[in-house]
Amino acid sequence: MATARGKVRDKTGTAPAEDSFRLQTETGHKASRSKTEPALAEYRRKRDFTATREPAAGRARGQAMAPLYVVQKHAARRLHYDFRLELGGTLKSWAVPKGPSLDPAVRRLAVHVEDHPLAYADFEGSIPAGHYGAGEVIVWDRGVWEAADADPAAAYRAGKLKFHLLGEKLSGGWTLVRSRLPGSGGKEQWLLIKENDAAARQAADYDIVAARPDSVLGHAPLPEPDAKPDKAVAAALPARLAPTLATLVATPPAGDWRYEVKFDGYRLLARVEDGEARLFTRNGLDWTAKLPEIAAALRALDLAPSWLDGEIIVPDAAGRPDFQALQNAFERGRSADIVYCLFDLPYHAGLDLRAVPLEQRRARLESLLAGKDDRLRFSTELPAGGGDLLRSACALGLEGIIGKRAGSSYVSRRSADWIKLKCKLRQEFVIGGYSAPQGGRSGFGALLLGVHEASGALRYAGRVGTGFSEDQLHALHARMQRLAQPTPPFSPPPGRQESAGATWLAPELLCEVEFAAWTREGLVRQAVFRGLRADKPAQEIVRERPAANPGPAGKPGQGKVAGIAISHGERVIDAESGTTKRALAEFYDSIAPHLLAQLAGRPLSLLRAPEGIAGEQFFQRHAETLAIPGLHRIATVTDDEPLIGIDSRRALIGAVQMGTVEFHSWNTDFRHIERPDRIVLDLDPDPALPWARMVEATHLVLVLLDELGLAAYLKTSGGKGMHIVVPLAARQEWEPVKAFAKGIAQHLARHLPRQFVASMGPKNRVGKIFVDYLRNQQGASTVAAYSVRARPGLPVSVPISRDELETIDGAAAWNVHTLAARLAGLATDPWVGYAHRQRLTDAMRQSLGLA
DNA sequence: GGGAAAC
DNA sequence: GTTTCCCAACGCCGC
DNA sequence: GCGGCG
């Protein structure tokens, strides 16, 4: 024991090649083949940071340093947990609870240090994706323990691990702070923070809330509750207070706005005075008696006379507000689960703070709540950036976000300085009936909606009774009457109340509906009719799962997609969109006909990422031991091992179950594997180039192909570039076809040197577009049209028409969430006319200078 | 994610 | 039993 | 020329 700090790490030798840090032991390290941004410098910086830290003042001599920390990296809006242990002693082994290391539920690391029994180190909390924007956070748990303490976990529990560094400026610009983060259960954490762009933000953005009494340095910029802020006015505490209400807006406005989570609960104001706490709804009803635990927690804060403003919620398992759970909590008189999320402090300690800038009120509020009852939580600020922020909030299954203008004051009315941005859900439903009109309404009352279960049954999904014009109402009614049938198409049929007076319809009509949320029973809430749809077979209408929403558990068939059991269906494959493995499988199931048309008959390479796109990724070209139902293993003369062929839904979903994210196809067919039947040119731009340059370059290539007399088809790559596909009759073998593709690339590079390069190196590619012709050799493959890409947000490679090139705003125009809408809105196949008829002629070769 | 080799 | 390794292929680039 | 990298 008590060997030098950093020993474990030093023994590992080489730095990992990926941007994450695997826990490293003396048995070696694991270099990943992950195709992510280079992170060697990143790694070195962090290593340097730990290596160059000065020992903390006040540490007794002879004590072993045994810091344990958890590294969480969050760059470019990708959340990444990883664990690194640095222990005095030789690390023997370690364990993270089974499952993805991204699992926010991971709370405990087991560590095994030589000469020590198995020790556990707990850490608490998690940081949801999107919380910190671009930047990095290290969740840090640090302390010392006596060498005599055989069990560091016991020492930790006994409080012998001392924290004693706060606000310490560390090398490399890191700062140690103590803070509470959303999702942390209100618990404070030690955080090491570092800004990528310090100028863009202020330290206060990080919610630094408290200094420990034993803080050595303690110069963190803490709010000073006792100082009287500008504009604060001494005032008696009013008996009543009406809250500031937010204005609903559709898009994030310009300007300086501070965003918070929109809580799906009840607004509640708290009045605290003389050891008494009372709770009021926004209409002034006294709910103190309904919320004894909250009231007690507020009393325990022992506040000087104050009004606090917040919202009560019941968090679901993932920490998100759950409106129904809140209602249930009231119904059952179980208010103990309720949490009060506080976001404002209009009065405090005899001061009227309403005119004080928002940030100051909130800083003061946060300091009041720091380290107090878990039922009282500070509503943390979300990172700047409205549009993306809303998207990520929605992807996390939140109801929306609230924006407050920087510096705004607290007013007792609806304010334009407080805005709410809602995540609206929208999807198609099958119309399975309608209810009788009520009152002055003619035609029908509401449409009875359904979605298909995985089993194929049409499940009742609630009703929509608003959103149609008078004309629509009549037209729809007339149309529906022709589809009337005596029995409900739903299975099981809706309850008596829903069925009363209903007219049942053959499940043929589809409509688009916008709604606020799915209820726990799987019905739409606050649904609005947005129009009929007619572009999809009714059978394809299924519930579109909001990302990261596992859905009701325990239902039969719940774990299966297309008959394939999906293990770890709740695993989040992509943190940015919150897409789970099951959602990915369902996505592939939903586009199976499109994708299978691209894959069938071709040898494939699979890009697999069993632990999600942030984990290790690898290609697989040989069927090997791959146990996928319906997968073809095809022996060929070209490869010793059988290749992979997929031509069924089962095999497709089976591949997804095995962690496949991307499907890459060869430019040939098993039937003529030595003769390619297409050329694929991958236009791969310098990432810094604007999209307009990409559009221009694509046009230029199309012009060249037109001149040669070759028809070509476009698809987005799902990344930065475009793929141009030239279908061929499978006449020639790989070599001449590759030479032809190379000829095109070199022709472009030669004649349009400002736009194109034909060689791969990034060196002379600055500001240009690399025409990647290398995908046209034997054994090479290109991501298939309709394949997802293993990148943040899970974009999809999508065929487009030449006309559409002008209209899209990037090669990642569609992703797993938005592709359905595109397919639904598509009148004609963007690749209409695609046929393998073209030949490469000598005349073409001459034109290219290949002769 | 899972088979198989290496501990 | 437990842990690690493997799962493409190619051209570039730096040693 | 070899190996790591993208």
Side-chain angles (χ1 to χ4, degrees), chain A residues 12-19 22-41 43 91-96 98-100 110 112 118 564-569 571 573 581 584-585 603-613 615-629 631 633 638-644 653-667 682 684 686-687 719-721 734 738 741-742 745 757-766 770-783 790-791:
Chain A
T12 63
T14 335
E18 57 172 337
D19 63 345
R22 303 255 161 209
L23 185 78
Q24 304 184 9
T25 71
E26 74 274 18
T27 54
H29 76 281
K30 178 175 184 173
S32 160
R33 281 162 292 284
S34 154
K35 298 196 297 186
T36 44
E37 64 213 73
L40 189 58
Y43 170 82
L91 188 65
K92 291 295 285 184
S93 65
W94 61 285
V96 177
K98 200 67 181 169
H112 183 194
L118 190 67
I564 304 292
I566 302 297
S567 64
H568 297 107
R571 171 174 301 165
I573 294 298
K581 187 179 170 195
L584 182 69
L604 305 177
S605 294
L606 310 180
L607 180 66
R608 299 173 55 195
E611 290 170 46
I613 63 168
E616 189 185 8
Q617 301 179 4
F618 54 89
F619 275 92
Q620 186 149 2
R621 195 164 83 103
H622 301 292
E624 263 187 3
T625 54
L626 226 44
I628 295 177
L631 182 115
R633 304 147 182 281
T638 54
D639 281 61
D640 291 339
E641 307 219 41
L643 300 175
I644 298 168
I653 304 304
V656 176
Q657 154 58 18
M658 295 295 275
T660 305
V661 180
E662 299 189 359
F663 293 86
H664 293 238
S665 59
W666 292 26
N667 289 343
D682 175 8
D684 193 1
D686 173 346
K720 286 276 181 187
W734 290 96
K738 178 191 172 185
K742 183 175 182 179
V757 291
S759 80
M760 204 172 165
K763 226 181 64 178
N764 47 356
R765 179 158 134 203
V766 180
F770 169 47
V771 186
D772 185 354
Y773 62 90
L774 296 157
R775 295 157 186 280
N776 297 293
Q777 50 201 348
Q778 166 122 238
S781 61
T782 307
V783 72
R791 302 174 190 217

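All values derive from a computational prediction rather than experimental measurement. All chains are named by letter (A, B, ...) in the order of the sequence lines, taking the proteins before the strands, and each is independently numbered beginning at 1.
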Per-nucleotide protein contact string for nucleotides 10-15 of chain C, where B marks a base within reach and S marks sugar-phosphate only (heavy atoms under 4.0 Å, - for neither): SSSS--
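- Rounded to an integer number of Å, the gap from CH2 of A/W666 to C1' of C/dA9 is 11 Å.
- Atom-to-atom, CG of A/L607 to C1' of C/dA9 comes out at 13 Å; the value is rounded to the nearest Å.
- Computed from coordinates, the A/D686 CG to D/dG6 P distance equals 16 Å when rounded to whole Å.
- For the side-chain contact (heavy atoms from CB on, under 4.5 Å) test, residues two or more places apart in sequence or in another chain that qualify with A/D682 are A/D684, A/H723, A/D772, A/R775.
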Atom pairs, protein N/O to nucleotides 1-7 of chain B N/O, distance under 3.5 Å:
from	atom 1	to	atom 2	distance (Å)
B/dG1	OP1	A/K581	NZ	2.0
B/dG1	OP2	A/H568	ND1	2.6
B/dG1	OP2	A/R571	NH1	3.3
B/dG1	N2	A/R608	NH1	3.2
B/dG1	N2	A/R608	NH2	3.4
B/dG1	N3	A/R608	NH2	3.0

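- Separating the P atom of B/dG1 from that of C/dG11 is a span of 33 Å, rounded to the nearest Å.
- In this view, A/R791 satisfies the salt bridge (charged side-chain N to carboxylate O under 4.0 Å, His left out) rule with no residue, not counting sequence neighbours.
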Could you walk me through whether A/Q657 and A/S567 pass the side chain to side chain donor-acceptor pair (under 3.5 Å) check? CA-CA 7 Å; A/Q657 154 58 18; A/S567 64; 2.9 Å; yes
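- When side chains are defined from C-beta on, A/I653 counts as touching A/I566, because their heavy atoms get closer than 4.5 Å.
- D/dG3 and C/dC6 have their P atoms separated by 14 Å, given to the nearest Å.
- Across B/dG2 and C/dC10, the matching P atoms stand 29 Å from one another, rounded to whole Å.
- Remark: A/A790 engages A/L607, A/I613, A/Q617, A/V661, A/E662 in a side-chain contact (heavy atoms from CB on, under 4.5 Å) (not counting sequence neighbours).
- In this structure the side chain of A/P610 reaches within 4.5 angstrom of the side chain of A/F618, judged on heavy atoms.
- For A/K738, the side chain to side chain donor-acceptor pair (under 3.5 Å) partners at least two apart in sequence or on another chain are A/Q777.
- For D/dG6 and C/dT4, the C1' atoms lie 25 Å apart once the distance is rounded to whole Å.
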In sequence, state the C-alpha distance, the side-chain angles, and the governing distance for A/R608 and A/M658, and then conclude on side chain to side chain contact (heavy atoms under 4.5 Å, CB included). CA-CA 7 Å; A/R608 299 173 55 195; A/M658 295 295 275; 3.9 Å; yes
